[in-house]
Amino acid sequence: MSALIWAVSGLLFFLGLAAVVLRRQLLAVFLGMELMVVAAALALGHEATRAAAGAEGFVAVLLVLAVAAAEAVVGLTLVLRVHWSGRPAEADSLRELRG
Amino acid sequence: MIEIPLAVYLLFLAPLAALAVGFFVTRPLKPEWTHIPILASCVVVTCSAASLAGMVYEGRGLDGTLFYWMVAGDWSVPFGVRIDGVGVSVLSMVSLVGALIHVYAAGYMKGEPGFARFFLVFHLFYLSMIGLLVSNNYVQFYLFWELVGVCSYFLIGYWMHKETARRAAMQAFLTLRVADFGLMLAVLVILGLYRNTRFAALYAVAGALPAGLLALLGVLFVWAAAGKSALFPLYFWLPDAMEGPTPVSALMHAATMVTAGIFLLVRSWPFISLVPGLPEFIAVVGAATAIFAALLAASQTDLKRILAYSTVSHLGLMAFGLGLRHVGAGVFHLVTHGFFKAVLFLCAGILAHAAHKSTVTVSEVGGLWRKMPLTFVCFTAAALSLAGFPFTAGFYSKDAILDAAFAHGGWAVAAGLAIAAGSAFYIFRMLFLTFFGSRADQQTMEHPHEAPPVMAVPVAFLALGAIGVGWLGHGLMRMLLSGWPPSVPPPGLTEPSHAVSAAALMAAALGAGAAYWTTMRLPSWDWDWRRERPALAALFAEDLGWRRVPAACVSSAVWFADKVGRVLDHDSWDAAIEGSAGACRRVSEAGGRLATGSISDSLWWVMTGAAALLAWAGYR
Amino acid sequence: MSQDLLTLFWVMPAVGGLCALLGRQARWPALAFSAATALYGLILLGPASSGAWHSAPVSSPSWAFGIRYLLDCDGLSLSLCWLTAFLTVACVIASWNKDYPPAYWAAFLFLESALLGVFLARDLFLFFVFWEAVLIPMFFIIGLWGMEGRRHAAMKFFLFTFFGSIFLLLGSIALVTRHHAATGVWTWDMAALKGPGGLAGLAIFAAMALGFAVKIPLVPLHTWLPDAHTEAPAAGSVMLAGVLLKMGVYGFLRILWPVFPKLSWELMPWLMLLAGVNVIYGALCAMAQKDLKRLIAYSSVAHLGFCLMGVLSRTPEGLLGGSLQLLNHGITTGALFLMVGFLYERGHRRGLGDYGELYGRAPWLTFFFGVATMSSVGLPGLNGFVGEFMSLIGVARVMPRFVFVGVIGVTLAAAYALPAFQSVFLGPAGKASVSAKVTDLDRRESSLLWALCGAMFAIGIYPAPLLRVLEPFLLGLVPAR
Amino acid sequence: MISLASVLGLWGPAAVLAGGSLAVLAIGLGASDEHRPPAWLMRATAAAAVLLALALGAVSPEAARPPLLRGDLLGSSLQAVFLAAGLPFLFMMDPADEVPPALALGSLIGMAIIAVSGSLLALFIGLELMSVPAYLLVARSRSPRALEAAVKYFFAGGAAAALFLMGMAVHFSAAGSLDLAAAPGRVGEAGLALMVAAALFKLGAVPLHFWLPDVYEASDPELAGFFSTGVKAAAVLLLARLTGISQGPILAVLPWAAALTILFGAAVALRQTRLQRLLAYSSISHAGFMLLAVAAWAGQGRPLSAAGAVFFYAAAYLFMSAGAFLWLKVTGLSERSELKGLARSRPADAAVLGVLLLALAGIPPTAGFVAKFLVFWEGFKAGIYAPLVLAGLGAFLSLGYYLGMVRDMYFDEPEGEAAAAPEAGMTRRCLVSAFAVLALLLGVMPWLVDSLRAGGSR
């Protein structure tokens, strides 16, 4: 059972990773990031059931989701600011800082 | 501690005091009086040399230390004095001839702009020559040996405005420096193995030295002597050194400095004589130099250059005598040569002084014996002594060498006779061209006048010496015995058999006759062969091509230095290091370009970094 | 008490530097403090020669890891301190009537205080701090008041020495940690440290030797020297050649020999080879130079090669000769650079062909330059000869065949020094020559040179007292073979 | 039983900071739009909160065992460093509204949590709490490219956080608990690797550093100063905590990563023309040295005596780097070419920057030298020789630009008219020169390390 969960979590993590690295649009990258966080949360939740240390795992999942939410707020505002500034929300449009 | 007599201290202190007074007192205040304290010190030195000679004559030699010069823990180099036969005999000649030449110089150099500078350096040379003759260990010997070289640089180059004088001074100094390489290496090798270079200590252990070391030391000493005493390979600086004023030529390049080389050989004789074949080698080199130089002397037109080549020839002769293991004969000829060569140089000086030029060529003089009788008489006396006519000093000392040549037999006899004939030829050619019948195309001097007394008197004294010194031969030999290292056969002076004297006289007469025939009978012969065969004349002017060798050495050294200095050091190695800074810049720019600024690239790098860490953790 | 006396010795110039910085007229405090330091140095002779400092009680508390503020002064250190102090006074006087800002005078005093620190420090860490602190003032002296290419020369000087001192630092740390591993004691005292044997010892020795070699300079690492000397101001080159080059050989003597007695003896032939290359290479490069200062710089490379040869031989004559030659080279090359500075002040040119026939216009300058050239060529009777000759005796006692190279170096010395002297002072004045502008030395300059030439003659004629001062520490380095 | 002292010691700083941030926000909200509260008030309250946190931090907590939290000396000393880093940031901040001080306090809270965290979860929360306010602070900077930098920082930081999470999960599966305890087996080590990667990202170690130059260049100088000192000290602490739970394989890679970071940072900084970007790359190089210090400390089995090097480097770097960045703010220079001939036009400023640069280069007698010496010292004791030699070469390379800037200032003639010096207040100039003096003094009086060593060996 746990192998299946870990496979799903690994797959999700890898998909998120691929999105982060390969996709051009910022939102797609953001989604990839969230996907990786969710994969980690899934793994954590599963392990929490098995672990003997009580509720530590579950508390961790809750806190991770809270932190992910906070991150999302900040991330989306930044992406929107880029959009409003007239530049396409693409990774390539933000290349002035170089060298 | 051996009680050191006052005379020894005077030898050093008098010149030092004179130099101090000269430099600090008379030079700034009254430059033309600089020679007064210096002449006084010459007198003091000559007297103390005479007293030491008397002391040694009675057999009381001396070898003591004045003070410790270099010191390092238990090791030290003393600054000492060794008064023995060899040293004192040459010392007395040098001090006497030197003093007289000082007097002569006072007259000759009067009115010269650098009068004070000249006399100070001249006397410093005098002091260092004396120091060299009385020092008791090789390090101190090397000290004065180098000092003499430096003084010769400043004296030859006295007339700095003349380009030829400057080049001659530089050539002399560098050649002597190359020769001193040998002496310094020898002294260092001795110090390296024995930590002590006192002559007394080394003579005692001379027999026990390993053969290889002895050979090396011998060769090095000969190399050093060849430089200083102008033997064959390194003689070319001496003729050019005539650029200096005549007193310099007289003192240095006739009587004293050039004999230092021979003196070194005599001082190191216990080592040289133990090396099989080395004395013969010296004899061959000496003879070759003598004949070669005599030939060249005969072809020169400048009076002083003739005498310069004659000095080279006679130094060769001394080396020849030494080489034939007749040390006494060599030293005796050294002493007599000092006198008559000085007279010849001083007379040439008087002629030049009269013509108001630094030097005079043969074509400018002629038929002067009536106008300058005293100079003529002194010149002739010295010329006879040089050629070796009976009852002159040269006769006794030259015959002693010829006697050694006859004893050795074979090639030595031929060489001895050739030298005798050659030297007679060139000296009488000079005598006839200068003092008798003026040639048709000669420009005779306007109004030749006799030299002032301050120059004439010393010449006269020296001429007497040139004649009389010969009779002191036996006294000299007795003196040489005192302090002579026991391991070597004593330097005896055999009475030359009548046959030898006759043969020598015959050769000399032959030379004189040939000189008479070529100069008086065929008046223009001396000039004609030069015009008809310019190539031969040029060859002679270049010392039969030998002058090109040192010139080639110098230019190749400068070329090599430029290759190392400019090409290797500056253009390639330094450029490589500067280049490395450029390489850093290129790496830096490449690193900068790596940061493309796009988000996906930086994320890609983050992921690869994490993957690398993961792999590393997994792998270990 | 005794440590504080030594602290006062190196602090005095630093205080002087501060006064010079603050005061408007900087040259008077500079002269006052540098002269005071020089005189103070003489007072230290008494205790130094009797070795009173070494037994000084360890009063200073030890900072972390055994590092301690430890000063000591024996014959070798004291003589080098004298050289530093007197050369600084000479530099102050030499640049007296030039309108330099206060920072110039302060830089020289800070430089002097750092140099004194180097020669007095007995704690390896303290030695390193002073060793690096010397770089900053020298960097500014070359960079701010140098000639045309000063920017590049200052950077090259700093980077070269810094590169060497990184390895010196790594080597020192490795040495101390290895010493602790062997003896369990944290100490940085040079006298107490003993280097490990085997490969580790070799690595540490190589690292520290590299740090010192850059300073000597040993040939492959020497290319900073000609640039630094040519571009530094006259007084700057005097200090650079006079004292900074000595720190390298001093490092070998003070640290590497006592810490690695056996290893340094085994490595002696290789280092001797390097020193020999130094001598010949330096002389050949000097012969190829057209600029007077570059020529003297390369001659310093050759002279330092002799010092190193002497020091490497580990014989009484060699050690004392090498150390004496350090002082002699300081005096001789200091005088040469001073005079080139005076010449540059007048003619604003440094080339060999730019002058000629100066003996008429500047007889005293010619006399002093002649004496200095003869001393640098090694004429007996002057100081150069005594140092070089004793060094070569040391070499002859240890590697007889190698002394051939040394004597060739001595002969080559004449080949570059005398033609230079002759073309500048005696030779013909070409059409482009500026000899017309050259006037003779004034009283200030000639008094300076009289002192230096007096020292040359004194050491040349009677070196025994100075050799006795150097003896205490050096004779301890002679290995019991 | 949990004693009051330990609670105060552990929770105190974070709580006070939180209170301060709320107070600042309250003042901001309370005041209506017309009469805004005085600009300095917000920053003063924030600074007061930080000072109080510092005081509480000084109360050294015993090793209490409440859940999630565990304090030790290295934690409390590095906490002092990043709290101290906050002060100049707050002081030099342009007086706008209440948001930047609040964000700064938020970030400091995150760091305080890392300092006292006893479990991986607390570490993650601290990491995130430190980073998120930072994204916003960068976005609010005045530079036109601030937004671009903030976006880059956000996405890179987010990815790193995700990695950390995944590593935590993997480690949790192996260790069974989130405590900072070593997990058996290869799986635990793999999880740790991911977490260390995240820590290295935060520190700016080379392969993961590409975000750092852009962020430092676009943000205001005082913010960049805060990042280079405060955030980096926290990242070092995070890494130090993580090395505690490693069996060893990860520890072996740290020295090599450090050496690579030092060399790469110094090399690229050589040719930078914009000063803030140059200081960014130089801070990467210094991060490499701190990484080397941590590696040496961990290599020796994490003895407290070896922690002195980590602490002293962070402390010395605080003065040097913050000083340099604040110098840029005070003098308003931005291009390296503007430095030419500065010694003539503005000697005082040139002298201050000169001392700071010599300290950054690590030339005795400055604090930078003592810091580098300690790193070399601990490195040798830990036996990592080759990376040390590379670090030495890196220090040599860094001399190229540090000394290059000094050379430009002192030896060159000024090009073009000197940039008009902004009317920075005298107090700000004194602060910067104070930093320079401290950088010098720390080098000469290394008693600081002695006292720590004495404290540490207790």
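Chain A is the first sequence line, chain B the second, and so forth, proteins listed ahead of strands; every chain is numbered from 1. Worth knowing before you read on, the calculation uses all heavy atoms, side chains too, and leaves out hydrogens, waters and symmetry mates.
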Which answer fits D:Val406, side chain, backbone, both or neither, if we ask what part of it has an atom under 4.5 Å from a heavy atom of chain C? side chain
At what distance, to the nearest 0.5 angstrom, does CG of D:Leu358 lie from CZ of C:Phe139? 8.5 Å
So which atom in D:Phe396 and which in C:Leu159 form the shortest heavy-atom distance, rounded to 0.1 Å? CE1-O, 3.0 Å
What part of C:Phe140 lies closer than 4.5 angstrom to a heavy atom of chain D: side chain, backbone, both or neither? both
Are the aromatic ring centres of D:Phe369 and C:Phe162 under 6.0 angstrom apart? no
I need the minimum non-hydrogen distance between C:Ile166 and D:Gly392, along with the two atoms involved. CD1-O, 3.0 Å
Ring centroids only, cut at 6.0 angstrom: are C:Phe128 and D:Phe373 within range, meaning strictly under it? no
Is it the side chain or the backbone of C:Ala203 that comes within 4.5 Å of chain D heavy atoms, both, or neither? neither
Point-to-point distance, once rounded to the nearest 0.5 Å, from CG of D:Leu403 to CG of C:Leu135: 9.5 Å
Would you mind checking which part of C:Leu144 comes under 4.5 Å of any heavy atom in chain D, side chain (CB onward), backbone (N, CA, C, O), both or neither? both
Within this structure, what is the CD1-CZ distance for the pair C:Ile142 and D:Phe411, rounded to the nearest 0.5 Å? 8.5 Å
State the CH2-OG1 distance between D:Trp377 and C:Thr177, to the nearest 0.5 angstrom. 6.5 Å
Stepwise side chain to side chain contact (heavy atoms under 4.5 Å, CB included) test for C:Ile173 and D:Glu378: CA-CA 9 Å; C:Ile173 296 173; D:Glu378 297 301 336; over 6 Å; no
Distance from C:His152 atom NE2 to D:Arg407 atom CZ, nearest 0.5 Å? 9.5 Å
With a 4.5 Å cut-off on heavy-atom pairs, point out which of C:Met155, C:Glu132, C:Arg178 contacts chain D the most. C:Met155
Going through the checks in order, is the side chain to side chain contact (heavy atoms under 4.5 Å, CB included) test met by D:Phe380 and C:Leu170? CA-CA 9 Å; D:Phe380 257 98; C:Leu170 292 177; 3.9 Å; yes
